[in-house]
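One structure below.
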Amino acid sequence: MQVSAENLNNDPIQIALQQAYENSLSQTGGALADYIPELARVDPERFGLALATAKGRLYTVGDVDIPFTIQSVSKAFSYCLALELVGAQEVRSRVGVEPSGDAFNAIEFDPVTRRPFNPMVNAGAITVAGVLRDVYGAQAFEKVLEKFSLAANRPLDLDESVYRSEAETGHRNRAIAHLLRASGALAEPVEDAVDLYFRLCSIRVTARDLAVMAATLANMGENPFTGTEVFDLRAVRDTLAVMFSCGMYDYSGNWICDVGIPAKSGVGGGLIGVVNRQLGLGAFSPRLDEKGNSVRGVNALQWLSNELGLHTFECTNSGSSFVEQLLA
Ligand code: GLU
């Protein structure tokens with residue numbers, strides 16, 4: 001286990017992070033995603049955990065500098081960006097905010113509106129990619145990558161080979177996009193929307209990057225390490241709300257009860273957790289459970305939530321100071 005030089009070994013947060021790591025290391029269940037060869041070739045033993053505070057302190061343990069593809073974790077950030085660019089009303093007219101209770105790649109839409117249930121499932125994320133493509137045009141990927149890089153405080157890049165595989169094999173996503181186009185949720189050409197979606201899933205990040213990106217959301221859209229305003233405040237609020245109810249695939253209800261923080265996972269083994277105004281968590285361990293969430297990542301975040309009292313409804317959280325004054 002390597003502990004990064006930036007950490008003080010006797011810091012209680014560092015100790016908690018190390019304990020979460022050690023407690024999760026023995027969890028060797030689950031399997032690598034294998035729908036494309038690149039993901040099936042990843043070293044299954046890799047495990048990294050990072051915690052970045054909203055005041056700009058970073059704690060790390062394990063393989064926090066190993067690159068992997070962001071996959072569905074990108075959905076949270078793309079949604080945030082779309083909200084900022086065209087406004088919540090326009091985005092909501094095209095993508096709902098209801099948990100679907102079904103798998104991420106389900107071919108199903110809200111029976112009343114014919115819109116995707118939410119932006120954290122593929123149908124919703126493809127629609128969001130359509131919105132971004134519409135606003136940014138042919139340069140959309142570069143523009144979004146720039147934003148993600150500002151959030152990570154490092155120039156991120158594309159894993160070309162994952163992107164090619166996603167694009168070559170993504171027939172189900174194309175099918176979803178055609179249905180979205182037919183129902184009117186997707187206004188842009190199918191190939192434009194899915195190509196951007198595949199690229200966004202194929203952005204290379206590390207657990208350290210994810211923690212900093214999550215801390216940027218925790219810090220109301222401002223990167224706590226650079227002071228750069230990356231995301232709009234109101235868009236962050238709406239994004240965290242959807243991450244809270246829909247971020248962990250069809251495990252989201254259990255997650256809210258047991259861990260209680262907005263989160264998003266991806267089939268590359270990445271996972272972010274956001275504790276509003278406090279900190280961002282980034283985890284990477286590529287073995288996935290049957291819902292598609294990182295086995296060790298879920299265990300580690302649950303452990304940290306319990307240990308550090310991060311659950312939104314933790315009884316020790318005193319809540320709004322304004323209301324507190326009224327109750328006094
Ligand atoms: N590229 C994957 C897909 O669209 C992303 C899935 C995920 O991380 O949930 O199938």
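As the structure lists them, so they are numbered: ligands from 1, and atoms in each ligand from 1. The basis for the numbers below is simple: all heavy atoms, side chains too, and nothing from hydrogens, waters or symmetry mates.
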Lys55 and Glu222 ion-paired at < 4.0 Å = no
Do Arg114's NZ or CZ and the ring of Phe109 fall within the cation-pi criteria of under 6.0 Å and 45°?
-> no
Residue part near ligand 1, for Arg172, under 4.0 Å between non-hydrogen atoms | neither
Got the closest protein heavy atom to atom 10 (O) of ligand 1, with its distance?
-> Asn122 ND2, 3.5 Å
Taking the minimum heavy-atom distance to atom 6 (C) of ligand 1, which of Gly270, Ser72, Ala33 ranks first?
-> Ser72
Indicate, as side chain, backbone, both or neither, the part of Val267 found under 4.0 angstrom from ligand 1 when only non-hydrogen atoms are considered.
-> both
Mark up the atoms of ligand 1 that fall under 4.0 Å of a heavy atom belonging to Gly266, in ascending order.
-> 8 (O)
One finds that the ligand 1 atoms under 4.0 Å from a non-hydrogen atom of Tyr249 are 7 (C), 8 (O), 9 (O)
For atom 4 (O) of ligand 1, which protein heavy atom lies nearest, and how many Å away is it?
-> Tyr197 OH, 2.6 Å
Around atom 2 (C) of ligand 1, find the nearest protein heavy atom and jot down its residue, atom name and distance.
-> Tyr35 OH, 3.2 Å
Ligand 1 versus Asn173: contacting region, heavy-atom distance under 4.0 Å | side chain
To which protein heavy atom is atom 5 (C) of ligand 1 closest, and what is the distance rounded to 0.1 Å?
-> Gln71 OE1, 3.2 Å
Kindly compute the distance separating CG (Leu145) from CG (Leu200), expressed to the nearest 0.5 Å.
-> 8.5 Å
Strictly under 6.0 Å, is that where the ring centroids of Phe284 and Phe68 end up?
-> yes
Show your reasoning for whether side chain to side chain donor-acceptor pair (under 3.5 Å) applies to Asp11 and Tyr59.
-> CA-CA 10 Å; Asp11 185 305; Tyr59 300 85; 3.0 Å; yes
Quick one: are Met213 and Ile272 in side-chain contact, heavy atoms under 4.5 Å?
-> no
Supply the atom-to-atom distance Leu51 CG to Arg208 CZ, rounded to the nearest 0.5 angstrom.
-> 12.5 Å
